4 protein chains.
Amino acid sequence: MPEEQPRPIGRPRDPDINERLMSAALEEYAQTGWSGFTMQRVAQRAGVGKSALYRRWADREQLLVASIESVALPLATTPDSGSLRGDLIDAATRILHHFLDPMGWATLRITVDSAVDLTTLDPFQERIIGALNSGVTQIFTRAAGRGEISSDLPVRPLVESLFGSLLIHVLSMPAHERDDARRDATAHVEPLVDVIMRAAARHPSP
Amino acid sequence: MPEEQPRPIGRPRDPDINERLMSAALEEYAQTGWSGFTMQRVAQRAGVGKSALYRRWADREQLLVASIESVALPLATTPDSGSLRGDLIDAATRILHHFLDPMGWATLRITVDSAVDLTTLDPFQERIIGALNSGVTQIFTRAAGRGEISSDLPVRPLVESLFGSLLIHVLSMPAHERDDARRDATAHVEPLVDVIMRAAARHPSP
Amino acid sequence: MPEEQPRPIGRPRDPDINERLMSAALEEYAQTGWSGFTMQRVAQRAGVGKSALYRRWADREQLLVASIESVALPLATTPDSGSLRGDLIDAATRILHHFLDPMGWATLRITVDSAVDLTTLDPFQERIIGALNSGVTQIFTRAAGRGEISSDLPVRPLVESLFGSLLIHVLSMPAHERDDARRDATAHVEPLVDVIMRAAARHPSP
Amino acid sequence: MPEEQPRPIGRPRDPDINERLMSAALEEYAQTGWSGFTMQRVAQRAGVGKSALYRRWADREQLLVASIESVALPLATTPDSGSLRGDLIDAATRILHHFLDPMGWATLRITVDSAVDLTTLDPFQERIIGALNSGVTQIFTRAAGRGEISSDLPVRPLVESLFGSLLIHVLSMPAHERDDARRDATAHVEPLVDVIMRAAARHPSP
DNA sequence: TATTAAACGAGACGGTACGTCGCGTCTTCTT
DNA sequence: AAGAAGACGCGACGTACCGTCTCGTTTAATA
């Protein structure tokens, strides 16, 4: 007989409120940054009382972490395009777009914050960065399966290079270049992917 | 002919205070993180009144930016070790150590914040990231001079890869691994440098 | 038909806090004078946060004005002792005691300030001085009713004389005389009341 | 032999600055009241550095006390008009004008302040109020000399009545009435003087 | 005439209170 | 019981003055 979960008495939580709050949180964060990221503004933007907010998350950080997760995790899925290069271009393009988006900035920022205040946010760091890393790692595993790269090639440096170069590419981009990158992501992504491709290429046997 | 700047009237600012404040700011930040980074605590630690602090920087961010600059800029100098690989190992090691240090976390964070609030912090982004980037770029220029790499090899992606992979390497490092990295930086740095080396290697001529 | 005021939503203000703050304000003011009359000290003495204070009064002056009103207004009631002289002695004694009390000094001071910054504090001036004046005026109205004084005797100068002479009496009193005045108020009050009595006396008909 | 005061060496103080500072102080005080009465603003209005100010007076209060004295003391002189009523009208008119003037408000305010913070300002109270009182007292002395009033009539209550009623008259005056009082001072002063006159009149002999 | 020492303007200094704002909690009534 | 509203204690924000302290310049009397 299936467990009858106890179904708590009283008014049930409005399931809609979770989403509305996380959206509001990301919008607010993207707009104003961490300073100026106010609980009452988030609540107000979501059309919700503060109590509903604090019932779900203990403080600002936890709210933001949850919100970030909800948009960052989908990035970790990597459809098979048939070739290593295709897979990398595809993943890199999606990551680039993400980082060019206000919500992506938020991811970035939170990522770094999590590394800084490493006491409080360790789990987050593991979940977000870990997920993204393992997404890209899968690509290399598939490529090794296809025989495109040597199966004993160390993968971690390649993943870090790809992910990291995208990060720095966005960070070091002057403001006016952002629009350009949004329009023609491939042109920005290819040079970075090619670094990886050359580094991963089978060494020519003598 | 050298301009004789007119020496402003009134009591001159105590030059010592600048340094004491920036040191205090970095120590305070390293200790407590951004939250808990309080102007009055910085002032107190420096043994200085708040007014002297606010006379120099308009708010918390600007103080921190200036403080970060003072420790981050020296990273941009790249002594010539005689070979591309040696130069890269050297630069990467110094950057890794920097990012493993609380003050380095601050650099990182401010860097990202500057990319997010791109209105207020643009100059900083340009100064810090730009300086670090151009430091690494010099290394490749020197290598091209030596004939180690082709002089028409696009350098920017390589710089971004190196710098970025170091960043991600630290970010994705579980807490317990940090100590390990501090002790044996080379072991952590070499795989990343080798990605760059393989990508930069002269393509085998047919 | 009694209006049913709609009972505002949200948590209602703690009515106790009003009183505690006004008491604390008067005590603090009496102790330290205007300089040293600090919002945070008042809040602290009342065991209350600053926000609760500022939610009720916009600044120091308004807090003090409200506090003063609460102790000064009761002075305006003038019980009927049966004779003009008795009424005046009674009122004058109470006013003298009030001015000899630290809280009375505050009244005085605020009164004058209100006359000086006549833009901001007009309403106060009207309420406090007006109330006290009209209290004394009643006494003369009653006396005219009893036939003690001519009913077409101009009252305002008499009121101003009584009230004012008390004021100056206190102001010009050397410090050591204050204790004396507190112990034997009547001795200080009678000469001043007698000035009024003689001035108000029916002119002997020729 | 007349003392030759040692004539201090070095640059002598600019005697002009004293006056300019006291004027500036009174104007500033009249304009903004005690709060907003700022040393640097006084200095600025006088076109003088803060050091010149602090060299002459130790703090705000002392500056203000000195400034007030300089305008209030002349009030104490009471020219002989030949009759008690004439003397009183004259003195009262001058005092009324003084209190209707911004600088007079300042006197008033300082007077009261001095009574409140009785620790710090006692000497001032004595000097200012004392001087004004003794000025009016002289009038009664003269009148007794002329035989207008009994020489054993207690004078202090009369003085306090006159001075005080003027004070309250101004304090209780609605703003719009001030201009009226400035134009036609006598009309405002006479009723108050008459109170004194009736109270001082020789008791009709039986 | 040259020296000297205090007065001067300007403004930086260590403090402290201001009035504002946001935190995270608590209290009220409504759904 | 969940929810909207908003008051609560707390504490940092950035501003404005306090009274003190350098600075370099000006001003007389002295040497």
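Below, read A as the first sequence line, B as the second, and so on, with proteins coming before strands; counting in each chain starts at 1. Just so we're clear, the structure is a prediction, and the values are computed from it rather than from any experiment.
Note: C/Glu61 CD to C/Phe37 CZ = 10.0 Å, rounded to the nearest 0.5 Å.
Within 6.0 Å of CD on B/Gln31 lie more than 12 heavy atoms contributed by other residues, nucleotides or ligands. Around CZ of A/Arg20, the count of heavy atoms belonging to other residues, nucleotides or ligands within 6.0 Å exceeds 12.
Applying the side-chain hydrogen bond (donor to acceptor under 3.5 Å, both in side chains) criterion to A/Arg55, with sequence neighbours excluded, gives no partner residue. Partners of C/Asp14 according to the side-chain hydrogen bond (donor to acceptor under 3.5 Å, both in side chains) rule, which considers only residues two or more places apart in sequence or in another chain, do not exist here. Every residue meeting the salt bridge (Lys or Arg N to Asp or Glu O under 4.0 Å) condition with A/Arg45, not counting sequence neighbours, appears here in chain and number order: A/Glu27, A/Glu28. With sequence neighbours excluded, no residue forms a side-chain hydrogen bond (donor to acceptor under 3.5 Å, both in side chains) with A/Arg13.
One atom, CD of B/Gln62, and another, P of F/dC13, lie 15 Å apart when rounded to the nearest Å. Between the P atom of F/dG3 and the CG atom of A/Leu21 lies a distance of 10 Å, rounded to the nearest Å. Separating the CD atom of A/Glu28 from the C1' atom of E/dG22 is a distance of 13 Å, rounded to the nearest angstrom. For the pair C/Trp57 CH2 and E/dT20 C1', the interatomic distance rounds to 18 Å; values are reported in whole Å. In this structure, the OH atom of B/Tyr54 is 15 Å from the C1' atom of E/dG15, given to the nearest Å. Taking atom CZ on D/Phe37 and atom C1' on E/dC18, their separation rounds to 19 Å, with Å as the unit. When rounded to the nearest whole Å, the span between CD of C/Gln40 and C1' of E/dG19 equals 10 Å. As a whole-Å value, the separation of A/Met39 CE from F/dA5 P is 17 Å.
Inter-axis angle, ends of the helix from E/dT1-F/dA31 to E/dT31-F/dA1, five pairs per end, rounded to 10 degrees: 10°.
Taking the side chain as every heavy atom from C-beta outward, C/Met39 and C/Trp57 never approach each other to under 4.5 Å.
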Atom pairs under 3.5 Å, N or O on each side, protein against nucleotides 11-13 of chain E: can you list them with distances?
residue: E/dA12; atom: O4'; partner: B/Arg11; partner atom: O; Å: 3.4
residue: E/dA12; atom: N3; partner: B/Arg11; partner atom: NH1; Å: 3.4
residue: E/dC13; atom: OP1; partner: B/Asp14; partner atom: N; Å: 3.1
residue: E/dC13; atom: OP1; partner: B/Arg56; partner atom: NH2; Å: 2.8
residue: E/dC13; atom: OP2; partner: B/Arg55; partner atom: NH1; Å: 2.6
residue: E/dC13; atom: OP2; partner: B/Arg56; partner atom: NH1; Å: 2.9

Decide side-chain contact (heavy atoms from CB on, under 4.5 Å) for B/Leu26 and B/Ile68; before the verdict, give the C-alpha distance in whole Å, the side-chain angles of both, and the deciding distance to 0.1 Å. CA-CA 7 Å; B/Leu26 289 169; B/Ile68 295 301; 3.7 Å; yes

